[in-house]
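Each chain gets a letter, A, B and so on, in the order its sequence line appears, and its residues count up from 1. We use all heavy atoms of the structure for the numbers below, so side chains are in, but hydrogens, waters and symmetry mates are not.
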2 protein chains.
Amino acid sequence: MPIRLDARDAGFEQAFAALLAAKREVSEDVDQVAASIIAEVRARGDEALLEYTSRFDRLELTPATLRVTEAEIEAAMAACTPEQLSALETARSRIEAYHLRQKPADSWSRDALGVESGWRWSAIEAVGLYVPGGTASYPSSVLMNAVPAKVAGVERLVMVAPTPRGESNPLVLAAARLAGIDEIYRIGGAQAVAALAHGTATIAPVAKIVGPGNAYVAAAKRRVFGTVGIDMIAGPSEVLVLADASANPDWIAADLLAQAEHDTASQSILITDDAALAGEVERAVEGQLKTLPRAEIAAASWADFGAVILVETLEAAIPLVDRLAPEHLEIITADPERLAGRIRNAGAIFLGGHTPEAIGDYVGGSNHVLPTARSARFSSGLGVPDFMKRTSLLKCDAGALRALAGAAVELAEAEGLQAHGRSVTIRLN
Amino acid sequence: MPIRLDARDAGFEQAFAALLAAKREVSEDVDQVAASIIAEVRARGDEALLEYTSRFDRLELTPATLRVTEAEIEAAMAACTPEQLSALETARSRIEAYHLRQKPADSWSRDALGVESGWRWSAIEAVGLYVPGGTASYPSSVLMNAVPAKVAGVERLVMVAPTPRGESNPLVLAAARLAGIDEIYRIGGAQAVAALAHGTATIAPVAKIVGPGNAYVAAAKRRVFGTVGIDMIAGPSEVLVLADASANPDWIAADLLAQAEHDTASQSILITDDAALAGEVERAVEGQLKTLPRAEIAAASWADFGAVILVETLEAAIPLVDRLAPEHLEIITADPERLAGRIRNAGAIFLGGHTPEAIGDYVGGSNHVLPTARSARFSSGLGVPDFMKRTSLLKCDAGALRALAGAAVELAEAEGLQAHGRSVTIRLN
């Protein structure tokens, strides 16, 4: 059974703090393994890459067969149903429309002293996208990572995806094609991250690597950070539903289970001011579990990490939500906008009873790559700016330089950096 | 002597690649030390923090004396000259004006299906700012980190700065006061990073840590990444001057030396299409070195890592600049804007002969915390968005949900996530 807390109980603060501190992920110590794989790929390139692919994916490749061919992509497209392709295209076009609104603006202006300043955004030249193999190989994640990159203007978008024993998901290749991915390699694990970061004879290096992966992939991404950019390190997914008596308990139960079915380490939490609703949701979860294909996973997640928290007022829930900083927050109350406006920490907020998280997972248009494990306190979901960088610009004429010289030289002297000061004064005569 | 390359030479590509690959930083293996310091501070809090401060900074403190007092800050302000305070205030107000332009915009709109979507930016609640001690304790860096945080709306901005044997720079405290920093602690090293990330009885934890530090600080920041956000890991600073025959060789020499005086690992590079200018700059550097207080550092940096690269045309320099991806790029040519518009990778660009980098270091208004070590290929300088996070927002009504349901369910089924599909269909009846 999930834990049940009541904010009015004496021991609540301690129990809530324990909920916050609970680790849902086994921290495997894979860092040394990842480091040695990276060193091998860096030293021996394709040769090491092929060896690891043989060992870990049971797949024998050559440099010539590392890359997925045009014919294979066409075959994958043909293997999808028209309904699947249409759904992928609906998702792609909606994700594109949402992310086009995120393109950041350049700036350039002249101030009263005559100093011109601003900045200019440009796309990262080449980006690698890691796509997990097996059951976590989601076409929707391909779209969510690739579409913003292409909106940003990334010219070379390279996908890597392991194909254990040669098996792959045709929808993943179809999504890659629809999203405009430029190169696809059938590799995975730390070796794929190493190849993207350092390059091999067959695979040219990229400047940034995004996308989720297992513990080895995460460790490898941490290791190559600096040589290339990386996105966040994703943890198990989570949803927090904030609901009042107006909410439909069956709908909430369905949403909690949609999260729970991802992984036994997923977390689903309900916070409500209505004790009756809490009970109804708990019963509905038990009922719906009975007919769910992934019932075993969902039941384990709900039992181990699920939580139902009763609060006296919705007002009292706000600080709890901010402390949990959920990846996904559904607000199913009489006035969801009002509550949403008062919450600081959440990766994404879904407003009202007709906005299940699953809509945002696929076709809402907003990104489903969101900060997990309380990192919404300090980070954002994936977006167009993650695939661009800002170059700052500054221009003085002789008059502007003269106006600023005194203050600059004063600070340079105070910092003991006389050559800094001289680079200003030498221009004044 | 710095290396001198000519793009027309047969061995150029190899020599340029070697320049790109040269490591300027000794990679000290300090990770295990940082890990054990973090573990101790996490387990024993203030007690461990005070022990490390005693050991590394030779300073005996108690929980009550960890924090810098109001009286000490007032005394530091009084120890600054009026000219220094005025220069700090000029810098602060110009940095503020520039960064106010960076506040990101919220978005909210309704599409043809009736789906409402957008996002909202909010400030990170609490941020820690690491300020190095000793000779690298720069008041300008306090302003460059703190002012954007305050512009972003960070409510609790906490500075940590070691004070070896109790010594500190009054301008650092004055800059902290002017920038509106809320709390200052006299601690440093991995132990300060650990205290900020995990909190102690005296120091409440923050959600993000920014600011430069030594190898131990960098290792500690990498370790706590995930528990808190971090900014980039800064390497030695670098400047690239791109100049033609119109440029003044003495001014260029002063700029190369302003970079070289930072650190023996700093790098100064000149790229020009004018062989005569190259020679004049080299001679001017030698001449100016003779009267420079930090001549020893600057001479070592110039000899070990300096480079002069001759190109046939400025056009031919563009791909070289993009591969070097310099932290600072000065363009001193007849038409600097035209060249700047063609360059993709640079942290900051300084346009024309009257814009020495030192103006941007102090009072131009743009940020001097910029991507080093070729990371301008994938990252940006520090800015207001680094102190904020974006929450995505989505709202469907019954009609919008109905319009999107088919595609969402199709994709959920294709991914084997039936509970996702059910969370949509359950709302349709």
For A/E413, all residues meeting salt bridge (Lys or Arg N to Asp or Glu O under 4.0 Å), sequence neighbours excluded: none
With B/Y98 via ring-ring contact (aromatic ring centres under 6.0 Å, His included) - residues at least two apart: A/W119
Chain B contact via A/P385 - which portion, at a heavy-atom distance below 4.5 Å: side chain
side-chain contact (heavy atoms from CB on, under 4.5 Å) evaluation trace for B/L401 with A/T355: CA-CA 7 Å; B/L401 179 65; A/T355 321; over 6 Å; no
Per-residue contact mode, A/L171 against chain B (heavy atom under 4.5 angstrom): side chain
Approximate separation, where rounding is to 0.5 Å, of A/L393 CG and B/F350 CZ: 9.5 Å
Among A/R427, A/K208, A/K389, residue most engaged with chain B (heavy-atom pairs, under 4.5 Å): A/R427
Inter-residue atom distance B/R374.CZ - A/T227.OG1, 0.5 Å rounding: 9.5 Å
Modelled atom types, side-chain donor and acceptor of B/R344 and A/T391, under 3.5 Å: no
Interatomic spacing from CZ in A/R294 to CG in B/L417 - rounded to 0.5 Å: 5.5 Å
Options B/E83, B/R94, B/Q84, ranked by heavy-atom pairs under 4.5 Å with chain A, top entry: B/R94
Contacting moiety of A/A412, where chain B heavy atoms sit under 4.5 Å: both
Side chain, backbone, both or neither of A/F387 within contact of chain B (heavy atoms, under 4.5 Å): neither
Max heavy-atom pair count under 4.5 Å with chain A, selected residue of B/R101, B/R222, B/E89, B/R377: B/R101
Trace of the side-chain contact (heavy atoms from CB on, under 4.5 Å) decision for A/I426 with B/Q288: CA-CA 11 Å; A/I426 200 171; B/Q288 291 182 29; 3.6 Å; yes
Spatial distance of atom CZ (A/R390) from atom CD (B/Q102) [nearest 0.5 Å]: 4.5 Å
Top contributor to chain B interface from A/G353, A/P336, A/G360, A/S86 [non-hydrogen pairs under 4.5 Å]: A/G353
Residue, of B/S107, B/S375, B/G352, that accumulates the most heavy atom pairs under 4.5 Å with chain A: B/S107
Heavy-atom pair count under 4.5 Å with chain A, highest-scoring of B/A348, B/A358, B/A376: B/A348
Partner chain B: residue of A/G416, A/G421, A/G365 with the largest heavy-atom pair count (under 4.5 Å): A/G416
Qualifying residue, where the test is side chain to side chain donor-acceptor pair (under 3.5 Å) with A/H420 and the options are B/E357, B/H262, B/Q259: B/H262
Chain B contact via A/S109 - which portion, at a heavy-atom distance below 4.5 Å: both
Contact leader toward chain B among A/S122, A/P139, A/G341, A/A91, where contacts are heavy-atom pairs under 4.5 Å: A/P139
Distance (rounded to the nearest 0.5 Å) between B/L351 CG and A/S117 OG: 11.0 Å
Full working for side-chain contact (heavy atoms from CB on, under 4.5 Å) between B/L411 and A/V363: CA-CA 9 Å; B/L411 293 173; A/V363 291; 4.3 Å; yes
Which portion of A/S366 sits near chain B, non-hydrogen atoms under 4.5 angstrom: side chain
Modelled atom types, side-chain donor and acceptor of A/S140 and B/E415, under 3.5 Å: yes
SB check A/R422 B/D250 (cutoff 4.0 Å): no
Chain B contact via A/P293 - which portion, at a heavy-atom distance below 4.5 Å: side chain
Chain A contact via B/I209 - which portion, at a heavy-atom distance below 4.5 Å: neither
Main-chain N/O of A/A407 paired to B/T90 side chain as donor or acceptor, under 3.5 Å: no
B/K395 and A/I349: CA distance, side-chain angles, deciding distance, side-chain contact (heavy atoms from CB on, under 4.5 Å) verdict: CA-CA 9 Å; B/K395 184 175 190 183; A/I349 302 179; over 6 Å; no
Any donor-acceptor pair under 3.5 Å from A/S423 side chain to B/D255 backbone: no
Chain B contact via A/N248 - which portion, at a heavy-atom distance below 4.5 Å: neither
Reported OG-to-CG distance for the pair A/S392 and B/L370, which is rounded to 0.5 angstrom: 5.5 Å
Among the listed options B/G118, B/P356, B/G226, the residue most often paired with chain A at heavy-atom distances under 4.5 Å: B/P356
Minimum side-chain heavy-atom gap B/E410-A/T81 below 4.5 Å: yes
Pairs of heavy atoms under 4.5 Å with chain A: top-ranked of B/N367, B/L256, B/L404: B/L404
Winner by heavy-atom pair count (cut-off under 4.5 Å) against chain B, out of A/I252, A/L329, A/I331, A/D361: A/D361
Residue pair B/S380 / A/W121: nearest heavy atoms and the distance that separates them: OG-CZ3, 4.4 Å
Which atoms of A/L88 approach chain B - backbone, side chain, both or neither, heavy atom under 4.5 Å: both
Contact leader toward chain B among A/G364, A/G406, A/A373, where contacts are heavy-atom pairs under 4.5 Å: A/G364
